[in-house]
Amino acid sequence: MNENIRTRFAPSPTGYMHIGNLHTALFEWLFARHEGGKFILRIEDTDVERHTPEAVQVIYDGLRWLGLDWDEGPDVGGPHGPYVQSERVEIYQGYLQQLVAEGKAYECYCTPEELTARREAMRARGEAPRYDNRCRTLTEAERAAAQAAGQQACVRLRMPEGGATVVRDLIQGEVSFENALVGDPVIGKTSGFPTYHMAVVVDDYLMQISHVIRAAEHLANTQVHMQIQAALDFPTPTYAHLPLILGEDRTKLSKRHGAVSVVEYQEKGFLPEALFNFLALLGWSPGGSEEVLSREEIIERFTLEACSASPAVFDLAKAEWLNSEYMKQMPGEEMATRLLPLLQEHGLMEAEPSPERLAWLAQVADLMKERAPLLTTYAEWARYFFTDDYEYDEKARDKWLTKPETPGVLRQLAERLETLAGWDAESVEGAVRGLAEEVGVGAGKVIHPCRAAVTGTTVGPSLFHLLELLPQETVVMRLRRAAEAFGEQ
RNA sequence: GGCCCCAUAGUCUAGUGGUUAGGACUCCGCUCUUUCAAGGCGGCAGCACGGGUUCGAGUCCCGUUGGGGCUACCA
């Protein structure tokens with residue numbers, strides 16, 4: 001247990017939770033939990049235009065769905081609040097003023113238009129497009145003039161003119177950046193808001209974040225962050241930059257790759273525990289050959305040292321495989337609980353099912369869980385358990401239903417089953433096999449047409465156990481219905 | 001363009017100078033069974049390339065190539 005270990009997840013409220021962000025959050029959470037430290041949630045909304053209040057809820061929902069709880073945050077509070085950056089502007093302004101007063105930062109009067117124009121010009125000349133630091137050397141008179149003219153100013157950090165900034169990163173190793181290569185970065189916006197760089201440094205310090213764990217896209221920014229820390233006389237936290245998650249084309253996972261938002265995975269029918277496991281395996285290796293690991297095992301084994309530095313492609317097929325593994329090992333009652341909302345949505349289950357009905361659903365779930373990769377495919381594949389309204393698929397028709405002898409077989413079977421005294425897998429099997437024997441055909445000649453008629457498909461769980469879970473009269477009706485439908489062919 | 005990072009099969013990965021380069025997903029066979037979309041068994045497929053260092057390199061160094069990130073008053 002080490003409460004001094006503190007990590008944070010610092011998303012900006014954009015209205016949706018990117019799966020890559022959730023991956024980052026997971027690793028930050030895992031490290032904190034493994035070390036017995038604290039996991040802090042902080043909302044980075046210094047870009048006013050982007051901020052929407054509902055968007056914060058989306059972040060909560062995503063984290064909770066995956067089971068990532070936070071020890072400090074906007075809703076739960078904590079000793080270092082507030083945990084929303086827009087509520088901390090005075091704090092940043094204090095530090096900004098301090099830096100200007102100390103001469104470590106300065107006000108810059110260049111307008112965005114001028115900056116863009118100059119950047120374009122530099123690019124055209126084949127130069128690296130960066131700020132030319134012209135306001136750094138303004139005289140007092142020039143500053144006074146600019147202020148008198150009512151020109152708006154942003155605040156820029158005075159970068160060291162030489163030397164290099166060395167990031168010691170737990171995952172990426174030692175990375176060095178030349179200071180002379182970057183222009184003085186903006187740390188305070190004209191609006192009075194801090195930039196991301198300023199806010200992140202101040203908050204990580206004030207919130208006593210010990211390990212800054214974030215995506216690798218921030219590695220280069222760390223140079224600026226460390227210079228702000230130096231100017232403010234803040235200690236440098238330990239850094240760990242996580243590999244980026246890529247789409248199939250090996251570029252940063254984005255909307256054009258398809259499902260990228262966490263809710264899309266919920267809607268696809270992923271179990272949160274499966275996605276948790278899958279995400280953990282992206283960029284981290286548990287060591288052994290076992291990959292299906294419980295949340296506890298993952299926490300237990302997680303270390304930053306075992307994290308990879310190379311980017312990882314999100315492999316949906318493997319995610320689905322993992323999901324199916326979780327469904328297989330889940331008890332029927334639990335599966336029923338997960339399935340119920342989905343089935344209700346499709347009108348396949350009533351709004352308030354009785355305990356008996358739920359017990360039945362659990363039996364159906366147990367029977368089917370070995371097959372479907374996702375909750376949604378499951379609901380599709382099990383449709384015939386819930387309604388008589390299903391289609392006969394192509395294979396069922398071609399292979400069995402349209403065979404000339406099938407209607408007769410179905411009628412005879414219907415007759416037998418209708419008068420069957422007990423309705424359980426065993427007696428149904430007896431009736432089916434009995435009929436086959438009498439007619440003098442293999443059991444398959446009865447079983448297959450029966451499955452096709454009653455389920456509309458050629459695949460599925462054990463026929464007798466499946467029939468057992470359907471009402472006797474339903475099965476009889478479906479057999480006759482199919483016999484009728486295909487009788488004239 | 002500049003800076004930085006990355007590089008084991010299609011994908012996720014183990015490997016830390018001496019291994020028949022291991023596991024997982026996918027795909028493909030075979031098999032069991034009343035079906036497979038399940039189970040069992042098996043198979044295809046990899047150290048990007050070129051130089052070094054070394055008795056010996058997937059492993060260390062340099063370069064090339066490829067990919068990615070950053071280069072905003074977005075985070």
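Side-chain atoms are counted along with the backbone in the values below, which use heavy atoms only and exclude waters and symmetry mates. Each chain gets a letter, A, B and so on, in the order the sequences are listed, and its residues count up from 1.
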Trainee: Just by protein heavy atoms under 4.0 Å, how would nucleotides 3-10 of chain B read 5' to 3' in B, S and -?
Mentor: SSSSS---
Trainee: Using distance alone, with no hydrogens and no angle criterion, decide if Thr457(A) and Thr455(A) have a side-chain donor and acceptor under 3.5 Å apart.
Mentor: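 No donor-acceptor contact under 3.5 Å links the two side chains.
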Trainee: Who passes ring pair (Phe, Tyr, Trp, His ring centres under 6.0 Å) against Tyr239(A), sequence neighbours left out?
Mentor: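 Residues passing ring pair (Phe, Tyr, Trp, His ring centres under 6.0 Å) with Tyr239(A): His241(A).
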Trainee: Can you tell me the Watson-Crick or wobble partner of G42(B), both distances under 3.5 angstrom?
Mentor: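 Base partner found: C28(B).
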Trainee: Find the partner of U33(B): check Watson-Crick (N1-N3 plus N6-O4 or O6-N4) and G-U wobble (N1-O2, O6-N3) distances, both under 3.5 Å, and reply none if neither fits.
Mentor: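 Across all strands, not a single nucleotide pairs with U33(B).
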Trainee: Kindly write out the residues that satisfy side chain to side chain contact (heavy atoms under 4.5 Å, CB included) with Ala164(A), not counting sequence neighbours, or none if the list is empty.
Mentor: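 With sequence neighbours excluded, Ala164(A) shows a side chain to side chain contact (heavy atoms under 4.5 Å, CB included) to Ser176(A), Glu178(A), given in chain and number order.
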Trainee: Partner of C73(B) by Watson-Crick or G-U wobble geometry, both contacts under 3.5 Å, or none?
Mentor: none
Trainee: In residues 196-205 of chain A, which ones come under 4.0 Å of RNA chain B, going by heavy atoms?
Mentor: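 Heavy-atom contacts with RNA chain B come from Tyr196(A), His197(A).
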Trainee: What N/O pairs connect the protein and nucleotides 42-50 of chain B at under 3.5 Å? Give each pair on its own line.
Mentor:
none

Trainee: Below 4.0 angstrom, which residues in residues 450-460 of chain A have at least one non-hydrogen atom near RNA chain B?
Mentor: Arg451(A), Thr457(A), Thr458(A), Val459(A), Gly460(A)
Trainee: Could you please name the partner base of A21(B), counting Watson-Crick and G-U wobble pairs only when both distances are under 3.5 Å?
Mentor: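 Matched A21(B) with nothing under the 3.5 Å cut-off.
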Trainee: Under the ring pair (Phe, Tyr, Trp, His ring centres under 6.0 Å) test against Phe278(A), which residue among Phe314(A), Trp284(A), Phe270(A), Tyr265(A) passes?
Mentor: Phe314(A)
